Protein chains: 2
Amino acid sequence: MAEPRWLDEREERAWRGYRRMRRLLDLELARGLTQDAGLSEPDYDVLSDLSETPDQRLRLSELADRMLWSRSRLSHHLTRMQQRGLVAREECTADGRGSVIALTPAGRRAIEAAAPGHVAAVRRHLIDLLTPAEVEALGALTHRVVDHLAGEDGRRARPATRGPAA
Amino acid sequence: MAEPRWLDEREERAWRGYRRMRRLLDLELARGLTQDAGLSEPDYDVLSDLSETPDQRLRLSELADRMLWSRSRLSHHLTRMQQRGLVAREECTADGRGSVIALTPAGRRAIEAAAPGHVAAVRRHLIDLLTPAEVEALGALTHRVVDHLAGEDGRRARPATRGPAA
DNA sequence: ACAATGTGGTTGACATGTCATCGACCCTAG
DNA sequence: CTAGGGTCGATGACATGTCAACCACATTGT
């Protein structure tokens with residue numbers, strides 16, 4: 001691999017734009033969330049995924065898989081959220097090792113309070129700046145990349161250690 | 001703000017896709033970098049920005065601004081990179097407070113060794129999966145978002161404290 | 001039944017990022 | 001020239017994420 005195909009001007013522009021957008025958008029959304037809801041983005045994601053579930057509760061590993069987090073990270077984060085009363089750990093009847101994470105009433109209140117402002121921010125700083133065609137293209141392109149990464153070589157890219165690669 | 005405009009199906013798809021892509025792509029690129037160059041993504045970014053500069057050196061705050069990092073974060077990170085011999089801190093003749101960050105020979109070797117593989121990975125996992133039209137669209141859309149965030153309300157979204165917004 | 005092995009989750013040590021603060025220095029007004 | 005106020009960068013305390021064990025339980029084969 002002496003000389004690879006470097007990025008041409010357009011590709012470079014897309015790549016740099018992506019990185020910059022990533023950073024700025026993150027800062028802005030995080031700022032909004034903490035400011036008017038006292039939540040971090042990770043907090044929001046956890047609460048959001050939990051609240052979308054029929055029973056308001058999920059096995060830790062199920063939640064970790066959905067979020068693409070390592071179990072370790074999630075466990076640490078849940079400990080902190082639990083101390084703030086946003087979630088609760090329950091025993092798993094089906095599997096003695098397991099841990100079921102449940103949204104508490106306070107957690108539900110927090111996500112319901114945060115969601116409108118957060119969605120509005122996502123619109124204001126991203127979605128509403130795009131044409132319908134661009135929204136469509138972004139959806140298509142990101143899903144293609146995700147499928148690619150989750151497929152073929154995706155086993156290596158997982159946060160959790162699950163690969164049969166030893 | 002009782003009931004905001006929630007995201008419709010397409011918007012939701014784009015937003016979720018973006019978040020997932022973000023996470024998976026990051027994991028994969030970071031994995032590649034550490035594996036075959038012993039660098040983290042932040043390391044790579046620092047070295048990359050430094051190496052693109054005519055003199056291989058930049059003022060700390062100039063570098064921080066380009067990277068959209070806080071000076072504090074950069075200072076901490078540079079301390080670690082300095083200990084590994086990748087960069088050096090030099091005194092700034094023009095401003096006694098200032099600090100000039102220089103790429104060391106080892107740093108240059110590291111970035112040159114890492115770049116081909118990294119670019120190849122960016123191609124393999126992103127750019128080459130996109131049609132030319134999508135590359136173009138991604139460039140356009142990200143830049144529009146960046147301009148929006150860096151402009152109007154961008155002063156608030158900066159990592160460094162610089163805004164006259166008090 | 002029970003050893004061997006695998007999996008779910010937690011934990012501690014450590015790497016990294018954030019925030020507030022500080023000392024050193026620059027700049028401008030008087 | 002010098003006092004006041006700002007900026008540059010470093011630092012310490014703390015929040016967060018990663019990695020490698022580890023324990024408890026489940027599962028499998030015999």
Side-chain angles (χ1 to χ4, degrees), chain A residues 23 26-27 30-31 33-35 38-46 58-84 87-102 157-166, chain B residues 22-23 26-27 30-31 33-35 38-46 57-65 67-84 87-102 157-164 166:
Chain A
R23 174 89 182 135
D26 233 41
L27 284 171
R31 204 186 54 79
L33 270 177
T34 54
Q35 202 159 68
L39 295 176
S40 67
E41 275 192 302
D43 292 339
Y44 184 91
D45 291 343
V46 169
L58 281 172
R59 282 290 292 273
L60 184 143
S61 33
E62 173 62 21
L63 184 53
D65 286 350
R66 292 193 192 196
M67 302 185 69
L68 301 174
W69 282 19
S70 71
R71 305 191 205 295
S72 167
R73 175 182 182 185
L74 182 55
S75 181
H76 279 299
H77 200 87
L78 289 173
T79 302
R80 298 185 292 257
M81 292 182 71
Q82 190 175 19
Q83 281 163 358
R84 293 194 286 147
V87 298
R89 275 185 232 246
E90 301 175 348
E91 288 194 359
C92 179
T93 54
D95 186 332
R97 298 162 296 181
S99 174
V100 173
I101 314 304
R158 288 261 196 60
T161 352
R162 185 78 70 81
Chain B
R22 203 176 173 307
R23 174 88 182 135
D26 234 41
L27 283 171
R31 202 185 56 79
L33 270 177
T34 54
Q35 203 160 66
L39 296 175
S40 67
E41 276 192 301
D43 292 338
Y44 184 91
D45 292 342
V46 169
R57 74 199 66 232
L58 281 172
R59 282 290 293 274
L60 185 144
S61 33
E62 172 61 22
L63 185 53
D65 286 350
M67 303 184 69
L68 301 173
W69 281 19
S70 71
R71 305 193 205 294
S72 166
R73 176 184 182 182
L74 182 55
S75 180
H76 279 301
H77 200 86
L78 288 173
T79 302
R80 297 185 293 257
M81 292 181 73
Q82 191 175 18
Q83 282 163 358
R84 294 193 284 147
V87 298
R89 275 184 233 247
E90 301 175 348
E91 288 195 359
C92 180
T93 54
D95 185 334
R97 299 162 297 180
S99 174
V100 173
I101 313 304
R158 288 262 196 58
T161 355
R162 184 78 69 82

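Chain identifiers are assigned alphabetically (A, B, ...) following the order of the sequence lines, protein sequences preceding nucleic acid strands; residue numbering begins at 1 within each chain. Keep in mind that this is a model prediction, so the values were computed, not measured.
- Here the C1' atom of nucleotide C/dT10 and the CZ atom of A/R71 are 12 Å apart, to the nearest Å.
- Look at CG on B/L74: it is 12 Å from C1' on D/dC8, rounded to the nearest Å.
- Residue B/S70 has no polar side-chain atom (N or O) positioned under 4.0 Å from OP1 or OP2 of C/dC19.
- Comparing C/dG9, D/dG9, C/dC26 by their closest approach to the side chain of A/L60 singles out C/dG9.
- Per the geometry, CG belonging to B/L68 stands 14 Å off P belonging to C/dG17, to the nearest Å.
- Of the inter-residue distances, the one linking A/M81 atom CE with A/S40 atom OG reads 7.5 Å to the nearest 0.5 angstrom.
- A heavy-atom distance below 4.5 Å is not found between the side chains of A/E41 and A/T34.
- Going from atom CD of A/Q35 over to atom C1' of C/dC19 covers 15 Å, rounded to whole Å.
- The distance from the CG atom of A/L60 to the CZ atom of A/R89 is 7.0 Å, given to the nearest 0.5 Å.
- The two atoms that bring A/P42 and A/R73 nearest to each other are CG-NH2, 4.2 Å, heavy atoms only.
- Atom CD of A/E62 is separated from atom P of C/dG9 by 10 Å (rounded to the nearest Å).
- One can place CZ of B/R59 at 10 Å from P of D/dA10, the figure rounded to the nearest angstrom.
- Atoms CG and NE2, on A/L74 and A/H76 in that order, are 10.5 Å from each other to the nearest 0.5 Å.
- Going from atom CG of A/D45 over to atom C1' of D/dG17 covers 15 Å, rounded to whole Å.
- Note: CG (B/L27) to C1' (D/dG17) measures 12 Å, nearest angstrom.
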Short N/O separations, protein against nucleotides 12-16 of chain C, under 3.5 angstrom:
| unit_1 | atom_1 | unit_2 | atom_2 | d |
| --- | --- | --- | --- | --- |
| C/dG12 | O6 | A/H76 | NE2 | 2.8 |
| C/dT16 | OP2 | B/R80 | NE | 3.4 |

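- For the atom pair A/L68 CG and B/R22 CZ, the distance stands at 12.0 Å (nearest 0.5 Å).
- Non-hydrogen atoms lying under 4.0 Å from DNA chain D are contributed by B/R89, all within residues 87-96 of chain B.
- Residues B/S99 and B/R71 have side chains not in contact (no heavy-atom distance under 4.5 Å, counting atoms from C-beta outward).
- Between A/I101 atom CD1 and A/L78 atom CG the span is 4.5 Å, to the nearest 0.5 Å.
- Using a 4.5 Å heavy-atom cutoff, the side chains of A/R31 and A/L27 are not in contact.
- You'll find that the side chain of A/R97 is closest to D/dA24, out of C/dG9, D/dA24, D/dA10.
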